[in-house]
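What follows is a short report on a single structure.
Heavy-atom basis, side chains included; hydrogens, waters and symmetry copies ignored.
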Amino acid sequence: MPELPEVETTVRGLRSVLEGAELTRVEPRRPDLRRAIPPDLRQRMTGARVTGLGRRAKYGMIDTDRGDTLVFHLGMSGRWRVDPEDIGTHDHLVIETADGRRLALNDPRRFGSLDLVETSALAGFAPFATLGPEPLDDVFDAAHLAEAFADRIAPVKALLLDQRVVAGLGNIYVCEALHIAGIAPTTAGGRIARKRLDPLVAAIKAVLASAIEAGGSTLRDYARPDGELGYFFKQWRVYGREGLDCPSCGKPVERCVDSGRSTFFCAKCQR
DNA sequence: CAGATCCCCTGGTCGC
DNA sequence: TGCGACCAGGGGATCT
């Protein structure tokens with residue numbers, strides 16, 4: 001599923017198509033995804049020019065010269081198709097540009113979202129208002145985690161998935177980062193020694209940077225905007241590798257399910 | 001507030 | 001081959 005690296009890869013791909021482009025057609029093909037699509041989206045975006053693209057946490061952003069920002073979330077199964085020949089049942093938004101390019105936001109499971117927000121009011125956009133720091137920013141450091149973890153009894157895995165603590169991590173990269181850092185996912189946040197937070201922060205930054213470098217992971221239904229599959233999944237140490245050898249010690253990777261979600265870890269390397 | 005649980009949604013996979 | 005059961009899981013809502 002798209003996490004931060006996949007969204008970053010998607011935005012970079014979209015940028016090559018949309019930066020500076022005039023939008024000649026912006027067509028929602030259903031009224032809602034996870035929540036309602038703004039009914040005036042078509043009217044507000046048609047004829048506008050794209051002035052920039054960006055990313056915040058797992059959200060992609062497309063700015064227009066009308067002072068609006070289209071904010072998209074890819075949910076579980078969302079991806080942008082670039083220059084598709086046909087528009088299918090799961091293509092929920094179609095965009096065409098004056099220079100003849102076409103994009104389709106495809107999301108079979110419809111866990112994604114589309115919002116149109118005044119660019120100047122983005123900070124107050126409800127889904128953004130409570131987000132923690134970007135994990136690749138310098139402000140995300142051991143001191144930040146120390147404060148966020150203090151007195152918390154929730155498992156470190158749950159805390160790292162909490163977008164208020166750090167914004168953009170999902171199940172895959174949390175599992176990977178905890179393995180790299182050698183921390184058991186069930187450890188209560190408040191019981192992690194301060195000296196272990198620097199390696200944890202480094203692990204998070206490293207695994208995200210590697211994934212972006214590789215063009216984003218793929219999990220069955222993820223594809224880069226240009227249709228090529230990302231390939232960071234080949235580098236997964238523990239995620240999806242139950243029963244296979246831990247790359248560090250050779251013991252079988254274990255899996256447990258907590259609140260319906262799989263956690264992959266090595267019981268020897270992570271304590 | 002912190003934490004736990006449930007729900008949304010559909011394609012792919014698995015067992016019979 | 002067909003079919004039902006089950007699973008993936010981010011984020012928001014709703015409880016205790």
Quiz prompt | Straight-line distance of A/Asp63 CG to A/Leu18 CG, nearest 0.5 Å | solution = 11.5 Å
Is the shortest side-chain heavy-atom distance between [X] and [Y] below 4.5 Å?
X        : Y        : result
A/Val26  : A/Leu23  : yes
A/Asn171 : A/Lys157 : yes
A/Ile183 : A/Val156 : yes
A/Glu254 : A/Val238 : no
A/Trp80  : A/Asn106 : no

Exercise. Determine whether any donor atom in the side chain of A/Arg35 lies under 3.5 Å from an acceptor atom in the base of C/dG12, or the reverse, and answer yes or no.
Key: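 In this structure, the two groups form no donor-acceptor pair.
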Self-check item: A/Arg261 (side chain) and C/dA8 (base): donor-acceptor pair under 3.5 Å
Solution: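 No such pair is found, so the answer is no.
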Salt bridge between [X] and [Y], side-chain N to carboxylate O under 4.0 Å?
X       : Y        : value
A/Arg35 : A/Asp115 : yes
A/Lys58 : A/Glu3   : no
A/Glu6  : A/Arg79  : no

From [atom1] of [X] over to [atom2] of [N], roughly how many Å is that when rounded to an integer?
X        : N      : atom1 : atom2 : result
A/Tyr59  : C/dG10 : OH    : C1'   : 8 Å
A/Ile153 : B/dG3  : CD1   : P     : 5 Å
A/Met76  : C/dG10 : CE    : C1'   : 8 Å
A/Phe264 : C/dC7  : CZ    : C1'   : 11 Å
A/Arg109 : B/dT13 : CZ    : P     : 11 Å
A/Phe149 : B/dA2  : CZ    : C1'   : 15 Å
A/Arg34  : B/dT10 : CZ    : P     : 13 Å
A/Leu74  : C/dG11 : CG    : C1'   : 14 Å

Are OP1 or OP2 of [N] and a side-chain N or O of [X] less than 4.0 angstrom apart?
X        : N      : value
A/His73  : C/dG11 : yes
A/Arg110 : B/dT10 : yes
A/His90  : B/dC9  : no
A/Arg152 : B/dG3  : yes
A/Lys58  : C/dG10 : no

Quiz prompt | Residue-level proximity of residues 155-166 of chain A to DNA chain B when a heavy atom falls under 4.0 Å | solution = none
Exercise. Could you tell me whether A/Ser262 contacts a base, only the sugar-phosphate backbone, or nothing, with contacts defined as non-hydrogen atoms closer than 4.0 Å?
Key: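 Counting heavy atoms under 4.0 Å across all strands, the contact made by A/Ser262 is with sugar-phosphate only.
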Quiz item: Using a cut-off of 4.0 Å on non-hydrogen atoms, how would the nucleic acid contact of A/Arg30 be classed: base, sugar-phosphate, or nothing?
Solution: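 The answer is nothing, as A/Arg30 stays clear of every strand by at least 4.0 Å.
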Quiz item: Is there a path of hydrophobic side-chain contacts, each under 4.5 Å between heavy atoms of I, L, V, M, F, W or Y residues, that connects A/Leu41 with A/Ile62?
Solution: yes
Self-check item: Nucleotide of C/dG12, B/dC9, B/dG3 approaching A/Phe111 most closely (side-chain heavy atoms)
Solution: B/dC9
Quiz item: Of the nucleotides C/dA8, B/dC8, B/dT10, which one has an atom closest to the side chain of A/Arg255?
Solution: C/dA8
Quiz prompt | Axis-to-axis angle between the two ends of the helix from B/dA2-C/dT16 to B/dC16-C/dG2 (five base pairs per end, rounded to 10 degrees) | solution =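 Comparing the axis at each end, I get an angle of 40°.
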